There are 2 protein chains.
Amino acid sequence: MPTISKEDYLKAIYRIADENEKESTVTTSEVAEMLDVSKAATSEMVQRLSELGYLNHERYKGVKLTDEGMRTALNIIRRHRIWELFLTDVLGLSWNEVHAEAELLEHSTSDFLIEKLDEFLGHPRFNPHGEPIPDRNGNLPEQPALLPLSCCETGKEYRLAKVLDDSLELMNYFTGIGLALNVKVLVKSRLDYDNSTVLCINGTNHNLSEKAGNNLFFLPENDEGYFYHSRVHQGARKKAEVKNSKKSPGRTGA
Amino acid sequence: MPTISKEDYLKAIYRIADENEKESTVTTSEVAEMLDVSKAATSEMVQRLSELGYLNHERYKGVKLTDEGMRTALNIIRRHRIWELFLTDVLGLSWNEVHAEAELLEHSTSDFLIEKLDEFLGHPRFNPHGEPIPDRNGNLPEQPALLPLSCCETGKEYRLAKVLDDSLELMNYFTGIGLALNVKVLVKSRLDYDNSTVLCINGTNHNLSEKAGNNLFFLPENDEGYFYHSRVHQGARKKAEVKNSKKSPGRTGA
DNA sequence: GTTTAAATTTAAGCATTCCTAACAAAAAAG
DNA sequence: CTTTTTTGTTAGGAATGCTTAAATTTAAAC
Ligand SMILES: [Mn+2]
Ligand SMILES: [Mn+2]
Ligand SMILES: [Mn+2]
Ligand SMILES: [Mn+2]
C-alpha cells in the first residue's frame with residue numbers, strides 16, 4: 001500500500017518503460033519530466049522505492065520495476081482505466097474529461113471496490129482511449145500491433161485504435177476535429193519538411209504535426225470491418241446486461 | 001481546496017457540532033477523539049484552520065465553523081454521502097461496507113463529478129444510513145424529529161430512520177440482527193439498571209446497550225405508513241429513470 | 001585523451017502532519 | 001478558597017515530499 005506519490009512514481013516508471021518497448025531501463029530525468037517534479041526529488045524517491053523492493057536501481061544508470069513493482073504499477077493502471085471507462089460509459093463524461101478525474105480516484109479505490117466496478121462494467125478490456133486494462137492478476141488483453149500516425153502510409157485508410165491522453169489540450173483538439181475511437185481516417189499526404197501529416201476526417205482535411213501524431217495509433221482499415229475494441233471479455237457481456245438492468249432497486253418502495 | 005487532513009478535520013468539527021445540537025462550540029478533545037489523533041495535533045490544526053478562515057477559535061474554549069468552514073464541511077459531507085448511496089444502489093455494496101470507501105473517495109471527487117453522480121442518482125436526499133445529503137448549495141433536506149432508542153417508549157412500534165455509521169463493528173452487528181432502514185421494531189422493555197433496551201425485530205428479541213442504542217434513530221410507526229425516506233427530490237425521479245435506462249451505450253456496436 | 005556538457009546524486013532547507021513530553025489554564029473536588 | 005484533576009497549548013522531534021544549489025559521475029566533443 002504505497003502512498004499517492006509512490007503510486008504515481010511507479011505508474012510513471014511503468015508507462016515510460018512501456019513506451020520505450022525494448023531498453024526497459026528508465027532514467028531519473030524521464031520520470032522527473034513525466035511527473036513534473038525535480039530530478040532531485042525523483043532521485044530520492046527512486047532510492048526509497050528501491051529500499052521498499054519496488055525497483056532495482058543501478059546508480060547513475062536507471063531503474064527497472066521488480067516483480068512486486070510491476071504488479072503494483074499494473075494494479076494502479078487497472079484502477080485508473082476502469083474508472084475512466086466508468087466515467088464515460090456510466091456517467092456520460094466525454095473521453096477528454098475522464099483522465100484528470102481518474103488520476104485522483106485511482107488512489108482512493110480498494111481492490112474490493114475495483115472488482116465491483118469491473119463486474120458492473122462487464123470486465124472491460126480497453127479504456128475510452130483504447131488503452132488496455134490489466135485484469136486483476138496483471139495480465140493485459142491481446143492487442144494487434146498498432147501504427148503511430150507517422151507510420152501510416154499516404155493514400156490508405158485507417159481506424160483510430162488508441163490515443164495517449166497525457167495532454168488535456170491535445171485531447172480537446174483531437175475531439176474538436178472529429179477524432180474518436182474507431183473513427184475512419186484517410187492519410188492524404190505527408191510533408192518531408194517537418195514530417196507532418198494531412199489527415200482526412202469526415203471529409204475535412206487537417207494537418208497534424210509529428211509530435212501530435214505520435215499520440216495517435218491506428219489499425220489499417222480492411223474490408224472485414226474488424227473492431228478489436230470489443231469492450232468486454234468474451235462471455236461477460238450477458239452477465240453485465242442482466243446486472244445493469246436490475247439497478248437502483250429503490251429502498252423505499254414509495 | 002484544503003488537503004485531505006484539513007477536510008477530515010472540518011468534517012469532524014461539523015459532525016460534533018451537529019450532534020451537540022445547541023452549544024455548537026466544539027472542543028479540541030472531541031475532535032482529537034473522533035479523528036483518533038493527539039490533542040496536540042488537533043490544537044495545531046485548529047490554529048492553522050483558523051488562520052485560513054475556516055474556524056473561529058477562542059483559546060482554551062473551543063472552535064466554531066465560519067460560513068466558509070460550514071460551506072466546505074457540508075460539501076465534503078455531500079460528497080461522502082452521495083458516494084455511499086452510489087455504492088449501495090448502483091454497485092450493490094451493503095450499507096455496512098460503504099462508509100470506509102466513501103471516507104477516501106470524498107477527497108478525490110471534483111464538484112463537476114459530484115454533480116454528475118448526483119444527477120445519475122436522481123438528486124437523492126438521504127444516504128443508505130438515513131443521513132441527509134446537502135444539496136450543492138449546502139441546504140439540507142427537511143427531516144422530521146427523530147428519536148434515539150433511549151427516548152423510544154416501551155410497548156410502542158417504531159421504524160428505523162437513521163443509523164450513525166462510525167463503527168463498522170457496530171454496523172455489522174446491527175445488520176446481523178436484522179436492522180435496516182425502515183425496518184419496524186417493537187420496544188419491549190428497558191432496564192433501569194444500565195438503561196439498556198430490549199427490541200423485537202422480526203419476531204426475535206435483542207438487548208441493546210444504551211451506548212449502542214444512541215446510534216439508532218427512529219420514527220414512531222403510525223398507520224399512515226409514512227416513509228420520509230423518499231430517495232429522490234420531487235420531480236427528479238422521472239429524469240433519473242430515463243437516464244438510468246439509456247446507460248452503457250456500447251462504443252463498438254459489436 | 002582531455003575537455004566540456006549533460007545526467008545524476010547529495011546537501012541543505014522548507015512545509016505538512018503527526019507524535020510524546022512538558023507546561024499552562026480552566027474546571028472540579030475538597 | 002486552595003488543591004487536584006482535566007483540558008488545552010507549546011516545545012521538540014520525526015517522516016514525507018518537495019525545492020534549489022552544489023557535488024559527482026557519465027557521456028559527448030574536440
Ligand atoms: Mn488516463
Ligand atoms: Mn494519480
Ligand atoms: Mn458515512
Ligand atoms: Mn475522509
Side-chain angles (χ1 to χ4, degrees), chain A residues 1-13 16-17 19-20 22-65 69 72-73 76 103-104 106-108, chain B residues 1-13 16-17 19-20 22-65 69 72-73 76 103-104 106-108:
Chain A
M1 321 265 183
T3 62
I4 293 176
S5 279
K6 291 189 179 70
E7 291 190 342
D8 280 336
Y9 275 94
L10 289 175
K11 193 169 56 131
I13 290 165
I16 293 164
E19 280 172 32
N20 292 355
K22 316 288 176 184
E23 201 60 55
S24 68
T25 298
V26 174
T27 68
T28 304
S29 297
E30 289 172 310
V31 178
E33 195 197 337
M34 175 164 286
L35 294 178
D36 199 28
V37 295
S38 68
K39 293 174 185 176
T42 304
S43 200
E44 279 181 354
M45 183 60 95
V46 153
Q47 290 172 57
R48 245 173 286 151
L49 289 172
S50 297
E51 280 162 24
L52 291 170
Y54 294 108
L55 300 177
N56 289 320
H57 180 213
E58 268 197 88
R59 285 191 44 172
Y60 287 102
K61 291 301 169 66
V63 294
K64 281 185 191 177
L65 289 165
T72 308
I76 301 157
E103 198 60 54
L104 297 180
E106 66 187 355
H107 308 292
S108 311
Chain B
M1 323 266 185
T3 61
I4 293 176
S5 280
K6 292 190 178 72
E7 290 190 342
D8 279 335
Y9 276 94
L10 288 175
K11 192 169 57 132
I13 291 165
I16 293 164
E19 280 171 33
N20 293 355
K22 315 287 176 187
E23 201 58 56
S24 68
T25 298
V26 174
T27 68
T28 304
S29 297
E30 290 173 308
V31 178
E33 196 197 337
M34 175 164 287
L35 294 178
D36 199 27
V37 296
S38 68
K39 293 175 186 175
T42 305
S43 201
E44 278 181 357
M45 183 60 94
V46 152
Q47 291 172 54
R48 246 173 287 151
L49 289 172
S50 296
E51 280 162 24
L52 292 170
Y54 294 108
L55 300 177
N56 289 319
H57 181 215
E58 268 198 89
R59 285 191 42 166
Y60 288 103
K61 291 301 169 67
V63 293
K64 281 184 190 176
L65 290 165
T72 307
I76 300 157
E103 198 60 54
L104 296 179
E106 65 187 356
H107 308 293
S108 312

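Quick caveat, the model's predicted, so the values are computed rather than measured.
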(request) Would you kindly give the CD-to-P distance between E44(A) and dA11(C), to the nearest whole Å? (result) 10 Å
(request) Establish, with yes or no, whether the OP1 or OP2 oxygen of dG8(D) is under 4.0 angstrom from a side-chain nitrogen or oxygen of H57(B). (result) no
(request) Provide, to the nearest angstrom, the distance between the OH atom belonging to Y60(B) and the C1' atom belonging to dT7(D). (result) 9 Å
(request) Measure the distance from CG on L52(B) to P on dA15(C) and round it to the nearest whole Å. (result) 14 Å
(message) Among dC19(C), dT9(D), dT9(C), which nucleotide has an atom closest to any side-chain atom of S38(B)?
(response) dC19(C)
(request) Measure from CG on L49(A) to C1' on dC18(D) and round the result to the nearest Å. (result) 15 Å
(request) Assign A41(A) to base, sugar-phosphate, or nothing according to its heavy-atom contacts below 4.0 angstrom with the strands shown. (result) base
(request) Answer yes or no: does a side-chain N or O of T42(A) lie under 4.0 Å from OP1 or OP2 of dT8(C)? (result) no
(request) Rounded to the nearest angstrom, tell me the gap between atom CD in Q47(A) and atom P in dA15(D). (result) 16 Å
(message) Below the 4.0 Å mark, does dT9(C) have OP1 or OP2 next to a side-chain nitrogen or oxygen of T28(A)?
(response) yes
(message) From the set dG8(D), dA7(C), dG17(D), return the single nucleotide nearest to any side-chain atom of K6(A).
(response) dG17(D)
(request) Check S108(A) against S108(B) and note the closest heavy-atom contact, atom names and distance. (result) OG-OG, 2.5 Å
(request) Identify whether the distance between the nearest side-chain nitrogen and carboxylate oxygen of E44(B) and R48(B) falls below 4.0 Å. (result) yes
(message) By the 4.0 Å heavy-atom rule, please label T27(B) as base, sugar-phosphate, or nothing.
(response) sugar-phosphate
(request) Tell me whether the OP1 or OP2 atom of dT10(C) has a side-chain N or O from R59(A) closer than 4.0 Å. (result) yes
(message) Around atom CD of E19(B), are there more than 12 heavy atoms from other residues, nucleotides or ligands closer than 6.0 Å?
(response) yes
(request) Return the value, rounded to whole Å, for the distance between atom CD of E51(B) and atom P of dT9(D). (result) 13 Å
(request) Consider the side chain of K39(A), meaning its heavy atoms from C-beta on, and name the nucleotide among dT19(D), dT9(C), dT17(C) that approaches it most closely. (result) dT9(C)
(message) How many whole angstroms separate atom CZ of R48(B) from atom P of dT9(D)?
(response) 14 Å
(message) Without decimals, in angstroms, what is the distance between L35(A) CG and dC18(D) P?
(response) 8 Å
(message) Looking at S43(B) and K39(B), would you say the former's side chain and the latter's main chain have a donor-acceptor pair under 3.5 Å?
(response) no
(message) If you assign S5(A) and K61(B) each to the DNA chain D nucleotide with the nearest heavy atom, which residue ends up on the more 5' nucleotide?
(response) K61(B)
(message) Looking at every non-hydrogen atom in both residues, tell me the closest pair between D8(B) and L35(B) and how far apart they are.
(response) O-CD2, 3.9 Å
(message) From C-beta outward on M45(B), which listed nucleotide comes closest to its side chain: dC18(C), dT9(D), dG17(D)?
(response) dC18(C)
